[in-house]
Amino acid sequence: MTAIDPETLGTATDRPFAFDDRALFGHPRGLALLFVVEMWERFSFYGMRALLVLYLVNVVRWSDARADHLYGTYTGLVYLTPLIGGYLADKLIGTRRSLVIGGCIIAAGHFALAFETMASFYIGLALVIIGTGFFKPNVSTMVGQLYKPGDRRRDAGFTIFYMGINLGGFIAPLICGYLAQGAGFRHLLESAGLDPARSWRWGFAAAGVGMLVGLAVYLSLRERYLPGIGLPYRTTLHSGARDGTLAEPPLTTAERRRVVALLLTFVFTVIFWMAYEQAGSSLNLFADRYTNLHVLGMSVPSSWLQSEQPFFVLLFAPAFAALWQALGARGKEPSTPLKMAIGLACIGGGYLFMVAAGRLVDTCLAGHGSGSCAVAGPGWLSSFYLFSVLGELCLSPVGLSYVSKLAPARYASVLMGAWFLAIAGGEKLAGELAALTSRMHSQAAFFAIPVVAALVAAIALALLVPTLARLTGAETA
Ligand code: GLN
C-alpha cells in the first residue's frame, strides 16, 4: 500500500469536519447518497451515449466518420469541462452547490435532445457538456471528502462509489436503448397513435428524467447525510485561513513531487481511455452491423451491448477490492501506477478478440460486397468487454483514489479535473481512431491499433514505476 504521511500532506480531505461515521457497513452514510446521485447522473450520461452514434448514423443518416468525429468531440468536451468545474468548486462555489447547478443543466440538455431537431440537438449536447463540468469531478471529490487523511477505508469507498457509476451505466442502455430501438416499444407508440419513427426521443428524454431523479434525491437528503461536506475551501476553518487572511501557502517540495507523479500517470491514462472509449462509437457500430444479435430466439437491440462493461464492473469490482486488500495485508499490493500498467495490458490483450472477430467480418465483406455481414457471435465483443473491464478496474477506481490521496487540499478538485482532462484527451483520440474504421476497410487491422498502443503504453508505464514511487514517497511493490 502506498505509504503516505497524513501529518505532512494536505490532502483532498484535509477538512475539519471529516466524518467518523461508520453506519453504512463501516462507511459514512454520505457515501450511500453520493452513490445514488452519481448512479442517476451516469444513467443519464450512458443512456444517451448508447444512442448517440446509432442515432446519428441510422436516423440522421450521417456517415460513420462524421458521427465518430462528433462523438469524440462531444465526449472529449464532456470530460474537459470538469477541469473548469473543479476549479470553480475549489475557488468559488464548493462542490456541494456545483452538483445542483450541474444536475439542472445536464437534465435540460437531455430534454433538448428529445426535441430531435438539429438546433436542439447541438444545444442539448452543449448543455450536457457544461453541466457535466459542474457535476462529475465534484461528486468524486466529495467522496474523498468523506474520509480523513490516511483513512484506510478510502479505496474501498471509491470502489463502492464506482459501482454506483456502473449501476447507472448498466441500467441506462437497457431502458434508453429499449425506448429508442425496441420493437415492443414501437408497437406501443403505434397503438397509442404516436409516430414510432420518433422512438429515439423517448430514449433521450428518459436520460433527462434519470438526472432529475438524482437531483431530487440529492436535494432532499444532502443536509442529513452530507452536513458540512463540499463547502468552498476558503469558507472552511482551514488552518491556512486562521488569521482571517485567505493567503494560500505555496506547495511544498513533497507536494509538488506528488503533483508531478500524478500528471505523469495521467499521460498513460489517455491511451487507456482511447482504447476503452471505442465502446460508444466503433464497437457500438460493430455491434449494430457485424454482430449476430439473435440470442435465445430474440433479437437484442444493439445498444443493449453497451450494458456489458458496467455489468462486468459490478461483477468484478468487489473481487478486485478484496484482492487489493488481501495483497495489501501481505505487503504485496502493487502500487497504483503498476496496477495501471496491468490495466493497459489487459485492454490491449482484450482487443485481440476484436481482431479475431474483425477477421470474420473482413472475410464476409470480401465475399458479399456491402451485404449484411452480422457474422460475429456476441461472444467476441463480450470477451473484449470483459478484458477491458479487468483493465478498467486496475486503472480507474484506483486512479480516482490516487488523485484524492496525492492532491494537495487546495488543488483537490482541480487535480480531479486534470484526471478528467486526461480522459478528455482519450475520448477525443478515441473518436479520431474510430473514424479511421471507414478508411481502413479492414476491421481486423483497425482493432490491431489499440492492441499495439495499449501494450506499448503498458510496458512504458511499468518501466516508470520506480520513478513514480520515488516521487510520491511510496514504496514500490
Ligand atoms: N465509467 C466511469 C465513469 O463514467 C469511467 C469512465 C471514464 O472515466 N471515462 O465515470
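In this chain, residues are counted from 1 in sequence order. Just follow the structure's listing: the first ligand is 1, and inside any ligand the first atom is 1.
Trp419 and Phe266 have perpendicular rings, their planes meeting at more than 60° on a 0 to 90° scale where under 30° would count as parallel. Aromatic ring orientation, Phe204 versus Tyr55: perpendicular (interplanar angle above 60°, classes split at 30° and 60°). Using cut-offs of 30° and 60° on the angle between ring planes, the pair Tyr290 and Phe286 is perpendicular.
Distance alone, capped at 3.5 Å, is enough to place a donor-acceptor pair between the Arg96 side chain and the Ile229 backbone. Of the possible polar contacts, none joining the Tyr79 side chain to the Thr132 backbone as a donor-acceptor pair under 3.5 Å is found.
Atom numbering of ligand 1 starts at 1 in the shown order; those under 4.0 Å from a heavy atom of Glu392 are 1 (N). Applying the 4.0 Å criterion to heavy atoms of Ile165 picks out, from ligand 1, the atoms 1 (N), 2 (C), 3 (C), 4 (O), 10 (O). Each of the following atoms of ligand 1 lies closer than 4.0 Å to a heavy atom of Glu277: 9 (N).
The protein heavy-atom contact nearest to atom 8 (O) of ligand 1 is Ile423 CD1, 3.0 Å.
The nearest pair of heavy atoms linking Ser281 to Ala434 is OG-CB, 3.5 Å.
Ligand 1 lies less than 4.0 angstrom from a heavy atom belonging to Lys136.
For a threshold of 3.5 Å applied to N or O pairs, the pair formed by Asn166 and ligand 1 contains no separation below that value.
Looking at Tyr46, Tyr276, Trp273 and measuring to atom 3 (C) of ligand 1, the nearest heavy atom belongs to Tyr46.
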Would you check, one step at a time, whether the test side-chain hydrogen bond (donor to acceptor under 3.5 Å, both in side chains) holds for Ser396 with Tyr162?
-> CA-CA 9 Å; Ser396 186; Tyr162 210 72; 2.6 Å; yes
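By the criterion of a heavy-atom distance under 4.0 Å, the side chain of Tyr79, and not its backbone, is placed next to ligand 1. When non-hydrogen atoms are compared, ligand 1 lies under 4.0 Å from the side chain of Tyr162 (C-beta onward) but not from its backbone.
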